[in-house]
> 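Let me give you the structure first, and then I'll get to my questions.
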Number of protein chains: 2
Amino acid sequence: MCHTGWLWHIADMKQSSITQPMLESPEAPDSVAALSAELIAVLVAVTDGEPRVLTLHQAAALPSGPFAATDRSLQASLRAWVERQTGHPLGYVEQLYTFADRDRTGAADGSCAGPVIGISYLGLTREARVSGYETSWQGWYRYFPWEDQRTGPDVTRTALTAGLHAWAEDAADKTERASRRQRVVLTFGTAQAGTEAWNEELVLQRYELLFEAGLVPEAGRPANDALAGTGMLHDHRRILATAIARLRAKIKYRPVVFELVPDDFTLLQLQRVFEAVAGRLLHKQNFRRLVEQQGLVEETGALATATGGRPAKLYRFKRSVLQERAISGTKLPLSRSR
Amino acid sequence: MCHTGWLWHIADMKQSSITQPMLESPEAPDSVAALSAELIAVLVAVTDGEPRVLTLHQAAALPSGPFAATDRSLQASLRAWVERQTGHPLGYVEQLYTFADRDRTGAADGSCAGPVIGISYLGLTREARVSGYETSWQGWYRYFPWEDQRTGPDVTRTALTAGLHAWAEDAADKTERASRRQRVVLTFGTAQAGTEAWNEELVLQRYELLFEAGLVPEAGRPANDALAGTGMLHDHRRILATAIARLRAKIKYRPVVFELVPDDFTLLQLQRVFEAVAGRLLHKQNFRRLVEQQGLVEETGALATATGGRPAKLYRFKRSVLQERAISGTKLPLSRSR
DNA sequence: TCCAATAATGCTGGGATTGAGTATAAGGGA
DNA sequence: TCCCTTATACTCAATCCCAGCATTATTGGA
């Protein structure tokens, strides 16, 4: 044995929840199987008001690669690779989650035999231009149609909520029914007029709920459904959900939006990117006020060639406050209306 | 090749920062070396007003074990193990960070040859009783004396800040000096009267700054210094710093404090635990108001046998709101004074 | 030339949140 | 009984934030 003597075994990597039931696990055999690790990247850019992710295999998989045990920093390598591919610097990289998948034991040629550890990353970039074959940028709402609430509670959400409530009522005993109902309401909100209560950060919870209710059948094969969204291979859609949730949370208290917009931008452009990521609309005046009073931007002096309407001032991100704000935090709260 | 064809290499797992310089990396050989993975746990309990972590090897290491590629959920196994050891349920488990360490290539017997991937976890529990040999609970401020700001800016912090400023002035060029100065002020605050500006969440940044400044010499061997704190083996102190930072952040917006207090508690007890974790004092009346109006607790009806003073009402955590709040969030802001 | 549409930008009022202080109640011990 | 300690209730002002309203600047057409 290498270390201190007690074994842990890994298989499933469900995001921890306090209420998660505790499972008893029997002792496992004291063998260490051959391991392999895989790195999975969620690369995000916002183009034409749509958040996009880089995909492979006919939009059914995220870029991933085996982890080669050599000597460079992972993040540095990730950056270098992306920069070569897209021609733009990768502004921000963040580790998402590590999970183990005992069902996926590598390719057929045996070179990747044994269980796979997956380490997923979120990366932000600017321009969506790639040269690879089979590689393309896809709008992320293609995989999660219900996550785009910029036009208010739409057909998708309504239909899904209905389906979920049916599933809830379908439960065996009363307690389970109540629990399911509560989960549905908490994650999808009551689509009643006014109340809203849509929390844009619960991307993963919603996906898992739909999965549990059998509304996003993703048993290995990617399906395509206008309601349930496009499926992905393996658990890539789950990883994407994690990435979206993380980014939606982060964008509110760290100045990462600027990694997604051009060097010079108008405040409305910035707002649109923000809204695209968050999947909901913002109050324009309040957004401007916040951005301005946070001191994160400065005017370039130039004006944008208007797209119809009064020309807007162009701003640029104050790189000088980056270090400061990266530590002390921003604060760009989401409010409802437009 | 197993996957899509481009390689990533992993070595160092520095927490991503936007300002981190981008390193160019050369292509790596197309070989997949033997891998091994290690799980590292930061188990936290609060006893006698002190946050403690479970340690091994004369308080110089965190519990860790090789990852055996078998079939159970890691979290379930972790829970089971801790519950056996401590006799108390592990309330909350959360993944911290995954890193790769090419310098640490397992034990001498070759069973763990190849580079090591480390997956670290944070776990919260209640009582600090262990039966193992070499195993003990240690107050976490032993490793980070400067992180305990409950008594205001103390000698430790003052001394370290002085040392850091000396280091800052020691830089070669002007830009670097300014940058260092800024980092010192941002992470350690200006210890001026009143201004404070201590951000308790910057545990990792402070540790890294001290490391960089050579004030916490931790070249593999655990040292013991009243100022720099006790060292740990490998990068365990770094992992601990990550855990503290994560917990300090989480405790403010998720109801995880309750995992660290007994079933029945007074509001002051709850506050003390909160303060112990956060390393700073809270305004008592405001803390009560928040806890109460959040609807997270309910009175048991009983009173605490006073520890001197008017008897306090006993409260219990409303488990019923757990699922709800685990999703929708709490909000227990930290304010300064007592 | 005037008007309508589209944006940008400035300003204001009310409600909620928060930081911090004051006052009162209820115990124990000298 | 007085005094010390802690619990608990209440108040007040500053601030923040949401959500409107109003005004200004352009473009494109009637």
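First the proteins, then the strands, lettered A, B, ... as listed; each starts at 1.
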> Looking at the side chain of A:Leu290, which of C:dG21, D:dA19, D:dC17 is the nearest nucleotide?
D:dC17
> Expressed as a whole number of angstroms, how long is the span from A:Gln293:CD to C:dG10:C1'?
14 Å
> Reading nucleotides 2-8 of chain D from the 5' end, what letters show protein touch, with B for base, S for backbone sugar-phosphate only, - for no heavy atom under 4.0 Å?
---BBBB
> Who are the side-chain hydrogen bond (donor to acceptor under 3.5 Å, both in side chains) partners of A:Arg289, not counting sequence neighbours?
A:Asn286
> Choose from D:dC17, D:dA19, C:dT18 the nucleotide whose nearest atom is closest to any side-chain atom of A:Asn286.
D:dA19
> Figure out the CZ/C1' separation between B:Phe287 and C:dG21, and round it to whole Å.
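Whole-Å distance recorded here is 19 Å.
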> How many whole angstroms separate atom CG of A:Leu281 from atom P of C:dA7?
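Whole-Å distance recorded here is 14 Å.
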> To the nearest angstrom, how far is A:Lys252 atom NZ from D:dC16 atom C1'?
17 Å
> Please determine, by modelled atom types, if A:Tyr315 and A:Glu292 share a side-chain donor-acceptor pair under 3.5 angstrom.
yes
> Quick check: do B:Lys250 and B:Lys252 have side-chain heavy atoms less than 4.5 Å from each other?
no
> May I have the distance from B:Tyr253 (atom OH) to C:dT17 (atom P), rounded to whole angstrom?
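Interatomic distance, OH of B:Tyr253 to P of C:dT17: 20 Å.
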> Any side-chain donor-acceptor pair under 3.5 Å between A:Tyr207 and A:Gln205?
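Per modelled atom types, A:Tyr207 and A:Gln205 side chains form no pair under 3.5 Å.
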> What is the distance, rounded to the nearest whole Å, between atom CG of B:Leu282 and atom C1' of C:dG19?
12 Å
> Look at the side chain of A:Arg289 against the base of C:dG10 and say whether a donor-acceptor pair falls under 3.5 Å; ignore hydrogens and angles.
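In this structure, the two groups form no donor-acceptor pair.
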> May I ask you to establish whether B:Arg206 and B:Trp198 are in a cation-pi arrangement, using a distance under 6.0 Å from NZ or CZ to the six-membered ring centre and at most 45° from the ring axis?
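The answer is yes, since B:Arg206 meets both limits relative to B:Trp198.
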> Verify the distance criterion only: is there a donor paired with an acceptor across the side chains of A:Arg52 and A:Gln138 at less than 3.5 Å?
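Distance-only check fails for A:Arg52 and A:Gln138.
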